[in-house]
Amino acid sequence: MKLLKIKEPIGQFLTKDGTYDAIDKITKEDLLRITERVLENSGDLETYDEEKIRNQAHQVVYKSIYSNLKALEKRRQEFIDESERLYIDDYKKYVEEISQQPVAGDG
């Protein structure tokens, strides 16, 4: 499913209810949701094309969002690996604590 698309003459984004709205109406919450979908690799971004978007405001907003999401998409695995490294110590500590707890019925 397209997260960003161009329907001449405007840029559009996928809303949380599965419809499309004009890119200049995008909110922080919409950007966060779309960013999460990019990180999950669960959606496509239609390539920015200045010729298809005739509204200048839409050109600026679409181009900015598109370029940032494409950069994130290219660095997706790096971002995921880094996020996992942030929590690895806590995870190891949790696993160690769990393994040291007595099992129910061992008594």
*Asks:* Any donor-acceptor pair under 3.5 Å linking the side chain of Q59 with the backbone of I53?
*Replies:* yes

*Asks:* What's the separation between atom CD1 in I23 and atom CG in L4, rounded to the nearest 0.5 Å?
*Replies:* 5.0 Å

*Asks:* In Å, rounded to the nearest 0.5 Å, how long is the span from CG of L14 to CG of D21?
*Replies:* 10.5 Å

*Asks:* Quick check for you: to the nearest 0.5 Å, what is the distance between E8 atom CD and D49 atom CG?
*Replies:* 8.0 Å

*Asks:* When rounded to the nearest 0.5 angstrom, what is the spacing between NZ in K93 and CG in D90?
*Replies:* 7.0 Å

*Asks:* At what distance, to the nearest 0.5 angstrom, does CG of D24 lie from CD of Q12?
*Replies:* 10.5 Å

*Asks:* In chain order, what residues pass the salt bridge (charged side-chain N to carboxylate O under 4.0 Å, His left out) check against E51, with sequence neighbours excluded?
*Replies:* none

*Asks:* Please answer whether the main-chain N or O of V60 pairs with a side-chain N or O of S64 as donor and acceptor at a distance below 3.5 Å.
*Replies:* no

*Asks:* Is any side-chain heavy atom of E73 closer than 4.5 Å to a side-chain heavy atom of L69?
*Replies:* no

*Asks:* Could you walk me through whether R33 and E36 pass the salt bridge (Lys or Arg N to Asp or Glu O under 4.0 Å) check?
*Replies:* CA-CA 5 Å; R33 183 178 35 76; E36 288 172 355; over 6 Å; no

*Asks:* Using the test side-chain contact (heavy atoms from CB on, under 4.5 Å), find all partners of E46 that sit at least two apart in sequence or belong to another chain.
*Replies:* K2, K5, I6, K52, Y62

*Asks:* For the backbone of V38 and the side chain of R76, can you confirm whether one donor and one acceptor N or O come within less than 3.5 Å of each other?
*Replies:* yes

*Asks:* Do NZ/NE/NH1/NH2 and the carboxylate oxygens of R37 and E40 come within less than 4.0 Å?
*Replies:* no

*Asks:* Using a 4.5 Å cut-off between side-chain heavy atoms of Ile, Leu, Val, Met, Phe, Trp and Tyr, which other residues end up in the same hydrophobic cluster as L32?
*Replies:* none

*Asks:* Got a second to check how far L72's CG is from S67's OG, nearest 0.5 Å?
*Replies:* 11.5 Å

*Asks:* Any side-chain heavy-atom pair from F13 and T15 closer than 4.5 angstrom?
*Replies:* yes

*Asks:* The criterion is side-chain contact (heavy atoms from CB on, under 4.5 Å); which residues satisfy it with D89, sequence neighbours excluded?
*Replies:* none

*Asks:* Got a sec, which residues hit salt bridge (charged side-chain N to carboxylate O under 4.0 Å, His left out) with E97, two or more places apart in sequence or on another chain?
*Replies:* none

*Asks:* Minimum heavy-atom separation for S42 and L3, please, with both atom names.
*Replies:* O-CD2, 4.3 Å

*Asks:* If we only count heavy atoms from C-beta on, is the K70 to L45 side-chain gap below 4.5 Å?
*Replies:* yes

*Asks:* Name all residues meeting the side chain to side chain donor-acceptor pair (under 3.5 Å) criterion together with Q56; count only those two or more places apart in sequence or in a different chain, and write none if there are none.
*Replies:* none

*Asks:* Are any of the side-chain heavy atoms of I65 and I34 separated by less than 4.5 Å?
*Replies:* no

